[in-house]
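Since the structure comes first, as structure tokens, the remarks are kept for the end.
Every chain is numbered from 1, with letters handed out A, B, ... down the list of sequences.
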Number of protein chains: 2
Amino acid sequence: MKIDALGRTPQLPSRIASRILQEIVEERLKPGDRLPTEQALADSFGVSRNVVREAISRLRSDGIIQSRQGVGAFVARTAVPTLRFDAEALADPSAFQALFELRAILEIRAASLAARRRTPEQLAALERALDRMRGTEKWASGGVDADLEFHKAVAEGTGNAYIRMAVSFLSEQVRVTIMETRARPEAELGDIVEVTIAEHAAIHDAIAAQDPARAQDAMARHIHLAALRLGYRLELTEPV
Amino acid sequence: MKIDALGRTPQLPSRIASRILQEIVEERLKPGDRLPTEQALADSFGVSRNVVREAISRLRSDGIIQSRQGVGAFVARTAVPTLRFDAEALADPSAFQALFELRAILEIRAASLAARRRTPEQLAALERALDRMRGTEKWASGGVDADLEFHKAVAEGTGNAYIRMAVSFLSEQVRVTIMETRARPEAELGDIVEVTIAEHAAIHDAIAAQDPARAQDAMARHIHLAALRLGYRLELTEPV
DNA sequence: ATAATCCTATTGTCCTACAACCCTATAAGT
DNA sequence: ACTTATAGGGTTGTAGGACAATAGGATTAT
């Protein structure tokens with residue numbers, strides 16, 4: 001039995017990345033400063049250059065380091081934005097309504113863009129998601145997943161990865177919040193899902209027909225009714 | 001102004017990481033699923049195994065992937081939803097345009113809601129932000145901060161904390177990307193800021209007048225022109 | 001039936017080589 | 001004198017090969 005059987009020792013790239021990050025956090029390396037060369041870092045840490053590259057690649061992904069080929073690697077001047085919502089705050093119904101509204105803004109517009117841009121493959125994925133909703137037992141949590149999948153398929157149809165990521169993020173946040181705050185989430189959401197198949201079908205039909213205005217109206221109507229079913233009233237009466 | 005002035009094509013590890021992430025986001029890979037082997041991924045993407053390793057290392061750093069030596073790499077079980085965009089991927093002009101579009105959807109709708117809901121205190125904050133833009137030396141990065149502050153003040157006027165947080169997140173992401181990919185960001189953005197004071201004033205005036213349609217139109221116009229100034233054309237011709 | 005050993009598959013690390021890019025100094029042209 | 005082009009050296013980005021370390025399943029021994 002060795003110590004590291006208790007938990008896996010981090011691999012070298014992870015450890016090197018942490019060491020470099022420490023230099024930055026302790027301000028021995030400041031924004032704009034140039035790191036030693038990859039080879040010099042490899043020499044001083046006693047590892048291969050590949051390991052250093054992986055470590056730097058991690059920090060680059062986090063936006064902490066920026067590399068320029070032929071020049072060097074530098075400490076970035078600005079931090080990377082991250083969006084995360086306080087799960088406890090969302091237990092408050094008014095906070096949840098605000099989140100729902102944010103999601104509505106995105107998804108209503110996404111439906112319009114999907115109607116305009118969707119490819120046949122994306123439409124097929126939307127149809128599969130709709131079929132999955134029809135086949136879902138109303139008392140199973142699969143109803144939630146199918147609903148989520150439908151909305152993601154719509155967002156996918158926009159052809160914009162950031163819309164898709166934002167919708168996925170928000171949908172997941174809504175789902176997690178409902179699952180964590182409802183007494184009997186599956187039963188309630190199962191009912192909701194059955195009622196809304198017609199609404200989803202209307203969205204699907206408009207996207208299939210490549211009718212942006214109709215898709216937008218159908219999504220607005222669906223979101224509005226979904227909010228009502230959850231006990232909220234959203235302001236969607238203005239043109240959206 | 002050329003499109004490629006925005007910066008370099010992302011390197012292979014970043015692109016491969018995005019592709020793998022796409023598989024996960026689109027649920028072709030689900031939590032607990034095992035990825036193809038590194039060599040198989042290298043073969044199918046047509047890159048060396050080192051590149052695949054760097055890509056996976058990035059995703060491991062983000063907690064999205066977990067690797068077990070001798071076994072394989074697996075999609076991690078879902079944790080708290082987090083939204084963060086790969087800083088390097090955004091150096092790609094088409095990715096940046098997609099981000100800009102996402103931001104546009106939110107901010108245009110936020111202007112309408114702010115016109116309807118803003119309080120006198122929030123209007124005063126908007127006025128201060130506008131004044132700050134007027135007083136800003138056009139060659140200083142303070143112009144960027146003032147612009148950001150104006151947009152945050154608009155989002156604050158919606159009375160929806162999640163809209164405000166999302167707008168802040170997206171605005172910051174746009175700002176960071178511009179600052180990191182432009183040869184002389186301060187000079188260029190300073191010029192942009194001066195040109196747009198009239199546009200911002202129109203937004204402010206509509207919000208002060210509590211005219212949602214006019215606020216929405218003013219923001220759409222501003223976003224549309226801002227995109228043009230950055231070399232993009234957004235699809236905002238549909239009703240939003 | 002259980003434990004030990006073996007074998008295969010896969011990740012983790014190292015090494016070498018070369019492409020691509022960047023910067024600076026020098027040479028050539030105007 | 002000033003501008004432009006070129007060469008050389010340095011550094012990152014990628015490819016490919018080799019072997020170490022780890023894990024899991026199959027086989028063999030008790």
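- For A:E26, the salt bridge (charged side-chain N to carboxylate O under 4.0 Å, His left out) test picks out A:R28, with sequence neighbours left out.
- Partners of A:S14 under the side chain to side chain donor-acceptor pair (under 3.5 Å) rule, at least two apart in sequence or in another chain, do not exist in this structure.
- Going from atom CD of A:Q11 over to atom P of C:dT10 covers 18 Å, rounded to whole Å.
- Taking only side-chain atoms of B:R60, from C-beta outward, the nucleotide of D:dT14, C:dG12, D:dG13 with the closest atom is C:dG12.
- For B:K152, there are no side chain to side chain donor-acceptor pair (under 3.5 Å) partners at least two apart in sequence or on another chain.
- Remark: C1' of C:dT11 and CD of B:E54 are 16 Å apart, rounded to the nearest angstrom.
- For A:A73, the side-chain contact (heavy atoms from CB on, under 4.5 Å) test picks out A:L35, A:I65, A:S67, with sequence neighbours left out.
- Residues satisfying the salt bridge (charged side-chain N to carboxylate O under 4.0 Å, His left out) criterion with B:R84, sequence neighbours excluded, are A:D62, B:D62.
- DNA chain D is contacted by A:R49, A:R53 of residues 44-53 of chain A, taking any non-hydrogen atom closer than 4.0 Å.
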Atom pairs under 3.5 Å: protein N/O with N/O of nucleotides 24-26 of chain D:
residue	atom	partner	partner atom	Å
D:dG24	OP1	B:R68	NH2	2.4

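- Of the residues in residues 32-40 of chain A, not one places a heavy atom less than 4.0 Å from an atom of DNA chain C.
- Aromatic ring orientation, A:Y162 versus B:F85: perpendicular (interplanar angle above 60°, classes split at 30° and 60°).
- Contact annotation: side chain of B:Q69 to base of D:dA23, donor-acceptor pair absent below 3.5 Å.
- Rounded to whole Å, atom C1' of C:dA9 lies 15 Å from atom CG of B:L41.
- The ring pair (Phe, Tyr, Trp, His ring centres under 6.0 Å) search around B:F150 returns B:H200, not counting sequence neighbours.
- Partners of A:R128 by salt bridge (charged side-chain N to carboxylate O under 4.0 Å, His left out), not counting sequence neighbours: none found.
- Residues meeting the salt bridge (charged side-chain N to carboxylate O under 4.0 Å, His left out) test with A:R53, sequence neighbours left out: A:E38, B:E54.
- Residues B:I64 and B:I20 form no side-chain contact, since every pair of their non-hydrogen atoms from C-beta on lies 4.5 Å or further apart.
- Regarding B:I65, its CD1 atom lies at a distance of 11 Å from the P atom of C:dT11, rounded to whole Å.
- Not counting sequence neighbours, the partners of B:E107 by the side-chain contact (heavy atoms from CB on, under 4.5 Å) test are B:R103, B:H151, B:V167, B:S171, B:M219, B:I223.
- To the nearest angstrom, P of C:dC22 lies 14 Å from CD of A:Q66.
- B:L12 places its CG atom 17 Å from the P atom of D:dT12, with the value rounded to the nearest Å.
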